[in-house]
Every structure is written in structure tokens, then in C-alpha cells.
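Just below is one structure, and these are the notes that go with it.
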Number of protein chains: 2
Amino acid sequence: MTETMSDSAIRPRKEFGKTIAADVTHRLREEIIACGLAPGEPLRFDVLRERFGVSFTTLREALTALTAEGLVDAQEQRGFRVAPVSRQDLVEVTDARVLIEVELIRRAIERGNDDWEIAVISTLHRLKRIEQRDPEHPLRDPEWNIAHRQFHQALVSACGSATLLAIRAELFDRAERYRHLSANFRPRPRDKAGEHQAIMQAAISRNPDLAVQLIETHIRSTADNVATYAAHLLDTE
Amino acid sequence: MTETMSDSAIRPRKEFGKTIAADVTHRLREEIIACGLAPGEPLRFDVLRERFGVSFTTLREALTALTAEGLVDAQEQRGFRVAPVSRQDLVEVTDARVLIEVELIRRAIERGNDDWEIAVISTLHRLKRIEQRDPEHPLRDPEWNIAHRQFHQALVSACGSATLLAIRAELFDRAERYRHLSANFRPRPRDKAGEHQAIMQAAISRNPDLAVQLIETHIRSTADNVATYAAHLLDTE
DNA sequence: CCAAGCCGTATTTTCGAAAATCATATCCTT
DNA sequence: AAGGATATGATTTTCGAAAATACGGCTTGG
């Protein structure tokens, strides 16, 4: 009876109705995206078992799921490692994102209703609010990352295709890892707040061509930034 | 010493260097695509364990991988089932395929070299050869399915993006399942051989606009066929 | 000195039993 | 008799031990 849903003493909280494997998958994904586990780093079972407090099999399931998402690299019979990064991969992910996101923003603008507009506006509002706390290093703030993800998610959420949304989400995660990779070396962030604001306005005022152009620029210039400031990490691999 | 690599007496062959889990994933994928396991059907461990001769954990890993591919549906704490089919899902998969495949065929035509042309021509040749064996029911011939997959794969293989190729392959598999779903009810196949031939010629003669148009028609008319002849299976779910 | 094969160790992969969770039928209470 | 709690059986989920496989150093023969 003293057991509420969040006896978050230490680790072993686990949301109701969810499997431990799904929980570990989620936590591992976050760590890899945040580059707490470096690209190319071997993922040894002993170490992970210690860190997450679960058994071999459960870990294996999580690693298999992340392999399908492109965040982990399975080397059969020789274990897993964090998916390596490369300039080529960055280019591919960026291109794929542009292709898909551009299409989805068009569909969303065409189909979005009141709820969609409200979601776009409110997620941007929260993002800006959080941004004010530390305008210099937003990427270091986990809450900013969540809010940022949710804003971009909201923008395309009305596109009408769960299939394409799932693919988009996967590519977004892979791109976010590259952003984190370069975050420590980037001198100062460019005017992201302004860009997000402009995208929101183009979307809400139902101007698909402008929105598409802004989104494409947003994605490509972020990738260019990564390629510049993480160059030393991309060429060695 | 009598043990060569293919002592394919019964089941337990396993390619060198591969894990059992990867093998089971592959076999399960094929069965689901061929609708040997019906859409929506519960995937009980006891049954699968019997059928594939592996343990709980190995099965779980395979099911997790297929869940990420959209062929299996995980219901946390309540097991797995074959991903259900629906008209909506068919439309989404078709749309996504057109979006991506159209882009990839353009890139492949622009970048393809001699090896690419040879691959396209030879995979089509093999497909036609196999097709002659049973022109009425090609889908029932596993070899035709493989050859068909390889021809479409070859067409886009020179696109230069492993990322997009992986996404394309996933969508192709999901679409192929729908084709098998309606195969038993389709009166007679339309002129697929001719369509493939035309696509090949447009690609090799480096006519991207024509190739794109043919591919889009090819994909959409296949989907329309499915929607028509598997209607009773799509509306009930 | 080098190459090739071999052995011991480190690590992954697989298994089946045990724990956790869900679904169903049963039994109270009102 | 209806509604709700509870026990029971079926099924999934998790675990750690055991088997399989890869890695690295060592020896041996040329």
C-alpha cells in the first residue's frame, strides 16, 4: 500500500505494464544519443549488466531493438558496439531527413486542424521558455532536448501517416546524436529560437513552400555545423 | 570430417558465423511475408518454440527485431502477434514506398555505372526465366519472389544511400505481405513481365522521368489490386 | 626470424527453470 | 441476480548457469 507508482528510491522503477526490456531499450537509446556511450565503443555485456542491473537476455533484446534503429551495430558472434559515426552517414541521414520531413510538413500543413495548431504553438512556447534558462548551452539541458524533439514532432504530427512518422522519428534520433557529438566543440549556437519561430509561423499561416524551405535550411545548416565542428571525430573513424 | 557446411538433413543448419537468433528472425520474416502466419495471429511462445526448435529467449530476440520492422506487433506483457493489416496501413506503406522509391530510382539512374546496368539486366533476365515456369501463379514460387525482390533491389542499388536502401527494403517487405494476402483471390496476374521490362529499359537508357512514372504506376496498381481482391480481409480487421 | 597451428582465457550466445503478469472462472456480498 | 473481489491456470518475462565461439599469446617447425 505504500507502493505508489514512483518509489523511485534507486533504479528499479519500471512503469506499469511495461517490460524491463523496453525500459532498458529506452535508457540505452538516450545514452547513445547523448553520446554518453561514444560512437564505435564496444558494448560489453558485463559492463552493461552492471550499469543497468539486468540479465544477459534482457540486454540482448534491447540491443537488438536498437540495432534495427541504426543506433547500435551488431557484429554477429562478436557482440555489439555503438554505431560508428562517419561523414558519409551524416550526409545520408541528413538527405533522408530532408526528403521525408519536407513531404510530411506539406501534408501536415494541408491536413492540420485546430488541435495541430495548438500543439505546434504550445510546444514552441515551452521550448522558448526552457531556452531562456541557459541560452548558451541548450543541448546540455535534457529538458530542452525533450521540448525540442516534441516541437519538431508536433509540426509533422498531422501528416496522417504513422508509417512515415516512425521513420522520421528514427532519423531524428540518429541526427540528434550527431548534434550532441559536436555540441562540446561548437563555439556558440546560432539563432535557433528565431528559426523555430519562423517555421512555426509559416506552418500556422499555411504557407507550405516557405515552411519547407525553412525546414530544409534548418536541417542542412545544423548538419553543416556538425560536419565543421566535429570534423576531427568524423574523419578518424 | 563428414560435416560439411550443408548437412541439411533437417533443421539445425546454421550458416557459419551467424547467430541462431538471426536465422530465426530470417525464417520468421519469410513466413510472415508469405502469410503462412496470418495477420493478427497471436505468436505464442510454446508454438513457435516447437516450430523453430529454439528457446524462449532466442525467439524473443527475433520477435523484437521483427517488431522494429513493422511485421510483428508487441503488446507489452501480453506477448506478440503478427502485425495486423488494414486498408489504412496499405495506403501508408504504398505512399511511403512511392515517395522513397521514386527518389532512389532518380539517384540510381544518375549515378549508376556499368556494374549497376549489368545487375539490372541480369536480375531481370533471371526473373523472366523463372516466370516462364508458371506464368499463372508466379507469387507461389519462392524463387520468383526472391528474383523479383532482387530485380527491384538492383534497380535502386546505385542510389548511394545505405540508409534509404534499408528503409526501402523494410517497406518492400511490408508491401510484399499484402501482395501475398491477395494472391489467392486475384483472378489472373496483369502483365508484370512487360512492366518490369519497360522499367528496366527506362533505367538503362537513363530516362529518369519515364522510369519514375513507370515505377509509381507499378507500385500503385499493385496496391490497388490488393485493395480490390483482398477487400474482405482488410475491412474486417 | 617468420609463419602457422594450438591452447587457455575472455566474451558472447543459448538454454530451460523460476518469477512475474495476465486472463478466466468462481465465490462471496449486497 | 448483479457486481466485484479473489483464486487458479495459462502465458509471458526475466534470470543466471552452461555451451559455443572468438581473441591473443605461445610454441613449434621451417
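Residue numbering restarts at 1 for every chain, and letters A, B, ... go by the order of the sequence lines. In what follows, every heavy atom counts, from backbone to side chain, and hydrogens, waters and symmetry copies are set aside.
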Problem set entry | Distance in angstrom units between A:Glu50 CD and D:dG16 P, rounded | 13 Å
Exercise. For A:Tyr229, which residues count as a ring pair (Phe, Tyr, Trp, His ring centres under 6.0 Å) partner, sequence neighbours excluded?
Worked result: none
Problem set entry | Residues forming a side chain to side chain contact (heavy atoms under 4.5 Å, CB included) with A:Ala38, sequence neighbours excluded | A:Glu41
Exercise. Roughly how many Å is it from CD in A:Glu76 to P in D:dA22, rounded to a whole number?
Worked result: 11 Å
Exercise. For B:His180, which residues count as a ring pair (Phe, Tyr, Trp, His ring centres under 6.0 Å) partner, sequence neighbours excluded?
Worked result: none
For this session: Whole angstrom is fine here: how far is it from CZ in A:Phe52 over to C1' in D:dT14?
Result: 17 Å
For this session: By nearest nucleotide on DNA chain D, pick out whichever of A:Arg78 and B:Phe80 is the more 5' one.
Result: B:Phe80
Write down the protein N/O and nucleotide N/O pairs, taken from nucleotides 5-11 of chain D, whose separation is under 3.5 Å; answer none if there are no such pairs.
none

Exercise. In terms of side-chain heavy atoms of A:Ile20, which of D:dC15, D:dT21, C:dC15 is nearest?
Worked result: D:dC15
Problem set entry | Counterpart residues, side-chain hydrogen bond (donor to acceptor under 3.5 Å, both in side chains), relative to B:Arg177 (two or more places apart) | none
Exercise. Which residues pass the side-chain hydrogen bond (donor to acceptor under 3.5 Å, both in side chains) test with B:Asp141, sequence neighbours left out?
Worked result: B:Arg133
Exercise. Can you check the A:Arg60 CZ to D:dA19 C1' distance for me, whole Å?
Worked result: 14 Å
Exercise. Over how many whole Å does the gap from B:Leu63 atom CG to D:dT12 atom P extend?
Worked result: 10 Å
What N/O pairs connect the protein and nucleotides 6-9 of chain C at under 3.5 Å? Give each pair on its own line.
none

Problem set entry | Whole angstrom value for the distance that separates C1' of D:dA18 from CZ of A:Phe56 | 11 Å
For this session: Return the set of residues passing ring pair (Phe, Tyr, Trp, His ring centres under 6.0 Å) with A:Trp144 (not counting sequence neighbours), or none when no residue passes.
Result: A:His148
Exercise. B:Phe172 ring centre to B:Arg29 NZ or CZ under 6.0 Å, with the angle to the axis within 45°?
Worked result: no
For this session: Can you tell me the distance, in whole Å, between the CD atom of B:Glu61 and the P atom of D:dT14?
Result: 14 Å
Problem set entry | Whole-Å gap separating C1' (C:dT12) and CG (A:Leu48) | 12 Å
Seminar exercise, completed: Winner on side-chain proximity to A:Arg49, out of C:dG16, C:dA23, D:dG16, is D:dG16
Problem set entry | Test ring pair (Phe, Tyr, Trp, His ring centres under 6.0 Å) applied to A:Phe151 - qualifying residues, sequence neighbours left out | A:His196
Problem set entry | Proximal nucleotide (of D:dT14, D:dC15, C:dT14) relative to the B:Thr19 side chain | C:dT14
Problem set entry | Residue A:Val54, side-chain heavy atoms: nucleotide from C:dT14, D:dT21, D:dC15 that is nearest | D:dC15
